[in-house]
Amino acid sequence: MEIVRVGGRELFRVAYGVIQAAQEFPTAIPLDEAWTLLESPPPEYRFSCLAAVEGSEVVGAAWLTWSLAENRQLLVAELGVEASRRRQGVGSALLDATKAAAVADGRNALLGATISPYGEGPGSGAAFAESRGFVQQHATLHQVIDYPVAGLDAKAAEIAPHHQPYTLATWPDGCPDEHVDQYCELLSLIDDEVPLDDLELEAKRWTPERLRSVEARRRTQGHLTSTTVAIAPDGSLAGYTELTGKPQHPERLDQHDTLVRPEHRGHRLGLALKIANLQALQSRTANPATIHTSNAETNAPMIAVNDHLGFRPLEHQHIWVLQLTVPDLLT
Ligand SMILES: CC(C)(COP(=O)(O)OP(=O)(O)OC[C@H]1O[C@@H](n2cnc3c(N)ncnc32)[C@H](O)[C@@H]1OP(=O)(O)O)[C@@H](O)C(=O)NCCC(=O)NCCS
C-alpha cells in the first residue's frame, strides 16, 4: 500500500468518495464543494487530500484543512477507510502521513472529528482516535429542522415584548457600510464566547477587508445568505445570526453562528434574531430544505432556542486533538 498526494480530479473523486462512504453518518461536505476548495481555496485556508492506494484501488483517504490565518499550529484531518479494509493498518498509515505533512509545515497538533447518530455510542472513529493518542476535547450536537419553518409569526409575537427596546435589521448578502466595523467586532467575539470545553482555539479576527472578501466570494458562488442583527437603543450592535445556502445543494441550509453580547443577554434576543432571520429568508424563498446547525452539547441556552424553534437532534460530534510529540517532530 502506498500513500499518495491527490492532484487530479479523477483520483480525487474516488478518494473523496471513500471518505464520504466511510462516514458512519454522512455529513462530509459534498464532493463538488470539496473539489472547488482544493482548486481555489479562500485566502485563509488551503486544502489537500491523501489517498491510500493498493494496486489500482483506493482503500482509504484523508482530507486535510490547513488554516493559514489563525490556528496555524493545527492541521484538521478527516480520515476514511473502506469498510472491508478496516483494522488492517490503513488508517494508521494515513495518520502517519498526515503527521509527517503537519510537521513538515511546522504544525504541532492534529484535530479530528468523529460522529455518531444521536443517542448512540461512539463508533470506529472514536476507538481509532483513542488508540492513536488523540484526546477528546469538545462535544457538539448536530440538529436539523424542516424549512420553511412553521409557526414563526406566533413565536415572534409571543417574545416581542421581551426585546422591545431593540430593533432587528436583516440583510440578504452584504453588511451595510454603517454596520461594518461593529459587525466585524461581533464576528471576532464569537470564538471567544461559544463554549469549547477543553478545546483551545485562536479566535478568528475579522477586518472589513476579510468580511468583504467572504461576501464577494459568496456572491460569486451564488450562495444564499441572510443575516440579522439586533440594534440596541444607543445604535450599537447587540447581536447577530447568520444562515447560508449553496446553489448546488438547495436541499440544505446552514444555520451558522448566533451571538448576543453578554451585556445584552436576557431579552430573548437569541430566539428573536433566529426567528427574524428565518422570516426574512422565508419571504424570499420557500423552497423546501433542511436547516442544519451544530452547537456545543454544553451550550444549553442555544440548544434551548433551537428546541423551541422545533429543531430535532441528529448526531453527536466529538472533537479530538493529538499533540505531536518530540519524536513525531523529529521523524
Ligand atoms: C477510523 C478509521 C479511519 C480507522 O481506520 P483503520 O484502517 O480501521 O485503522 P487501523 O487499522 O489503523 O486501526 C488502528 C487501531 O485503532 C483501533 N481501532 C480502529 N477501529 C476500531 C474499532 N472499530 N473498534 C475498536 N478499535 C478500533 C485499534 O486499536 C486499531 O489497532 P488494532 O486493529 O491493531 O487493534 C476507520 O474505521 C473509518 O474510516 N471509520 C469511519 C470514518 C471515521 O470515523 N473517521 C475518523 C474521523 S475523521
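In each ligand, atom 1 is the first atom listed, and ligand 1 is the first ligand listed.
- Contact atoms of ligand 1 toward Val81: 3 (C), 5 (O), 7 (O), 38 (C), 39 (O) (distance under 4.0 Å to a heavy atom of the residue).
- Residue contact check: Ser92 has heavy atoms under 4.0 Å from atoms 10 (P), 12 (O), 14 (C) of ligand 1.
- Salt-bridge annotation for Glu44 and Arg217: absent, with no side-chain N of the basic residue lying under 4.0 Å from a carboxylate O of the acidic one.
- Close approach of ligand 1 to Leu79 (heavy-atom distance below 4.0 Å) involves ligand atoms 42 (C), 43 (C), 45 (N), 46 (C), 48 (S).
- Using a 4.0 Å cut-off between charged side-chain N and carboxylate O, Lys274 and Asp307 make no salt bridge.
- Taking Asn277 as the reference, Ser226, Thr228 meet the side-chain hydrogen bond (donor to acceptor under 3.5 Å, both in side chains) condition, with sequence neighbours excluded.
- Note on Arg46 versus Glu39: no salt bridge recorded, every NZ/NE/NH1/NH2 to OD/OE distance being 4.0 Å or above.
- Considering both main-chain and side-chain atoms, Ala22 never comes within under 3.5 Å of ligand 1 through any nitrogen or oxygen pair.
- Atoms of ligand 1 found under 4.0 Å from any heavy atom of Val90, numbered from 1 in the order shown, are 7 (O).
- For ligand 1, the polar-atom distance check finds no N/O of Gly80 at less than 3.5 Å from any of the ligand's N/O atoms.
- Between Gln88 and ligand 1, a contact under 3.5 Å exists for at least one N or O pair.
- The existence of a salt bridge linking Lys204 and Asp192 is excluded, since no basic side-chain nitrogen approaches an acidic carboxylate oxygen closer than 4.0 Å.
- Checked against Ile275 for a side chain to side chain contact (heavy atoms under 4.5 Å, CB included), the options Leu168, Val149, Leu152, Thr241 give a single hit: Leu152.
- Taking 4.0 Å as the cut-off between side-chain N and carboxylate O, Arg13 and Asp32 do not count as a salt-bridged pair.
- In this structure, of Arg87, Arg132, His318, the residue bringing a heavy atom nearest to atom 22 (C) of ligand 1 is Arg87.
- In this structure, Arg219 contributes its side chain and Asp173 its backbone to no donor-acceptor pair below 3.5 Å.
- Residue Glu78 has at least one heavy-atom neighbour below 4.0 Å for each of these atoms of ligand 1: 48 (S).
- For the pair Ser124 and ligand 1, the shortest N or O to N or O distance falls below 3.5 Å.
- Residue Gly91 has at least one heavy-atom neighbour below 4.0 Å for each of these atoms of ligand 1: 5 (O), 6 (P), 7 (O), 9 (O), 12 (O).
- A salt bridge does not link Arg210 with Glu215: every distance from a Lys NZ or Arg NE/NH1/NH2 to an Asp or Glu carboxylate oxygen is 4.0 Å or more.
- Looking at Ala83, Ser131, Gly60 and measuring to atom 29 (O) of ligand 1, the nearest heavy atom belongs to Ser131.
- Distances shorter than 4.0 angstrom occur between a heavy atom of Gly89 and an atom of ligand 1.
- Looking at ligand 1, you won't find any N or O of Ala113 less than 3.5 Å from one of its N or O atoms.
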